[in-house]
Amino acid sequence: MKIATYNVNGISARLPVLLRWLAETKPDIACLQELKAPQEKFPEQEIRNAGYEAIWHGQKSWNGVAILSRAGKPEEVRRTLPGDDEDTHSRYIEATVDGVVVGCLYLPNGNPAPGPKFDYKLRWFERLTHHAASLLHSGKPVILTGDYNVMPTELDVYKPENWVDDALFRPEVRSAFHTLVAQGWTDAIRKLHPDEKIYTFWDYFRNAYGRNAGLRIDHFLLSPAVAGRLHAAGVDKDVRGWEKSSDHAPVWIELK
DNA sequence: ATGACGCCATAGTGGCGA
């Protein structure tokens, strides 16, 4: 079973690239972030024609997450992260697919830091960590994947010294990620590729992709029941070089 | 510091997000 995550940065603008990527790589499950479209503007028919059933949580202008599946419609568990009824951002959706619980998330960017947006990021991280603990406690096979907006270590940044004060790399955020993983999750990419420079995002600015000035911020966290089935993991880096690409590349894992 | 995108408002550019 192949599961992928892709921050599309606008599903309307990205639809041709998204459909081509789905056709070429055929993930069984695809988690999407940054739809940047209201609920009714999700291209359900085009996705269906591509062979996928989907659930999604849209929002006008910003955020928005979706789970696509080729093996029957994802069975929705929740479409908000618990812990704050006032939170209006569409940043989390969770479903059961093929016996696996899949949480698709778009963690806040948090810039500028410090400030209210950074505070929101840290609060969101705490809520995620709390929810993740209950998922682990369930003993079910769980995959938490998406855009975490965190580079976990210096290996995950093309030039770490430039990023130490950024909301994606500040000590509080790296610490929050570490605390989450330490609950018992497996960072799939790092499990299989512990020493490689692997990036999932390249800025649109200054030819970042051409210079490989990238960041690893899209992650797969696997519960113990899934981690034992991990067979392969990688990044569809070439997709980032396509015309009208997102600033992220798709990331994927294969389970036995 | 700059900048590239996609989004929206009320438009024919500018602001925001990241």
Side-chain angles (χ1 to χ4, degrees), chain A residues 5-21 31-44 46-47 56-66 81 86-92 104-125 128 146-152 156-174 176-177 199-219 236-251:
Chain A
T5 184
Y6 187 19
N7 180 322
V8 295
N9 187 20
I11 194 165
S12 301
R14 206 64 57 221
L15 193 56
V17 165
L18 173 63
L19 294 176
R20 177 183 168 193
W21 168 69
C31 295
L32 309 181
Q33 302 86 33
E34 277 209 85
L35 304 179
K36 288 180 158 184
Q39 189 69 13
E40 65 274 14
K41 290 281 182 62
F42 186 86
E44 184 175 18
E46 290 88 341
I47 297 286
W56 66 96
H57 190 188
Q59 182 179 340
K60 189 176 165 184
S61 304
W62 299 308
N63 311 314
V65 285
L81 190 62
E86 310 287 302
D87 187 0
T88 56
H89 294 201
S90 299
R91 294 183 177 274
Y92 188 81
C104 171
L105 65 101
Y106 174 46
L107 207 133
N109 175 292
N111 277 309
K117 290 182 178 173
F118 189 64
D119 295 340
Y120 174 62
K121 178 177 196 167
L122 295 179
R123 286 202 313 275
W124 208 93
F125 225 133
L128 176 63
D147 179 359
Y148 283 74
N149 269 316
V150 184
M151 296 84 88
D156 303 312
V157 196
Y158 68 97
K159 202 170 180 185
E161 61 270 29
N162 285 6
W163 289 82
V164 286
D165 293 325
D166 191 278
L168 280 65
F169 199 52
R170 286 175 68 100
E172 306 96 305
V173 176
R174 275 186 272 171
F177 187 84
Y199 302 139
T200 68
F201 167 95
W202 296 261
D203 216 307
Y204 288 122
F205 304 145
R206 297 176 297 258
N207 189 34
Y209 182 66
R211 297 185 294 119
N212 197 28
L215 311 171
R216 189 174 76 96
I217 56 178
D218 301 273
H219 306 297
D236 291 329
K237 185 179 174 183
D238 57 312
V239 175
R240 178 62 182 81
W242 292 358
E243 282 295 311
K244 297 280 290 175
S245 160
S246 169
D247 41 7
H248 294 249
V251 187

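Within every chain, numbering begins at 1; the chains are lettered A, B, ... in the order of the sequence lines, protein sequences first and strands thereafter.
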Completion exercise
The contact string for nucleotides 9-18 of chain B, one letter per nucleotide 5' to 3', using protein heavy atoms under 4.0 Å with B, S and - for base, sugar-phosphate only and none, comes out as S-------BS
Handout entry: Atom P, compared across dA1(B) and dG14(B): separation rounded to whole Å
Key = 23 Å
Fill in the blank from the handout: Sorted by chain and residue number, the salt bridge (charged side-chain N to carboxylate O under 4.0 Å, His left out) partners of Arg170(A) (sequence neighbours excluded) come out as Glu172(A)
Practice task
With P as the reference atom in both, quote the distance from dG6(B) to dT2(B) in angstrom, rounded to an integer.
Solution key: 22 Å
Practice task
Indicate the ring-plane relationship of His219(A) and Phe177(A), choosing parallel, tilted or perpendicular according to the 30° and 60° boundaries.
Solution key: tilted
Exercise for the section: Could you tell me which residues satisfy side chain to side chain contact (heavy atoms under 4.5 Å, CB included) with Asn212(A), sequence neighbours excluded, listed by chain and number? Expected result: Tyr199(A), Trp202(A), Lys237(A)
Handout entry: Modelled atom types, side-chain donor and acceptor of Tyr92(A) and Asp87(A), under 3.5 Å
Key = no
Problem - Atom P, compared across dG15(B) and dT10(B): separation rounded to whole Å - result: 14 Å
Exercise for the section: May I have the distance from Asn7(A) (atom CG) to dC7(B) (atom P), rounded to whole angstrom? Expected result: 12 Å
Completion exercise
Taken to the nearest whole Å, CZ/Arg240(A) to P/dA4(B) is 13 Å
Handout entry: Rounded distance in Å between the P positions of dA4(B) and dA9(B)
Key = 24 Å
Handout entry: Between dC8(B) (P) and Gln59(A) (CD): distance, integer Å
Key = 11 Å
Problem - Distance, rounded to the nearest Å, where Tyr204(A) contributes OH and dC5(B) contributes P - result: 7 Å
Exercise for the section: Ignoring backbone atoms, test whether Lys244(A) places a side-chain nitrogen or oxygen under 4.0 Å from the OP1 or OP2 oxygen of dG6(B). Expected result: yes
Exercise for the section: Using a heavy-atom cut-off of under 4.0 Å over every strand shown, decide if Ser12(A) touches base, sugar-phosphate, or nothing. Expected result: sugar-phosphate
Problem - Rounded P spacing from dA18(B) to dC8(B) in Å - result: 15 Å
Practice task
Classify the side-chain pair Asn9(A)/Lys36(A) by whether it contains a donor and acceptor separated by less than 3.5 Å.
Solution key: yes
Problem - Any Trp124(A) side-chain heavy atom under 4.5 Å of Leu105(A) side chain - result: yes
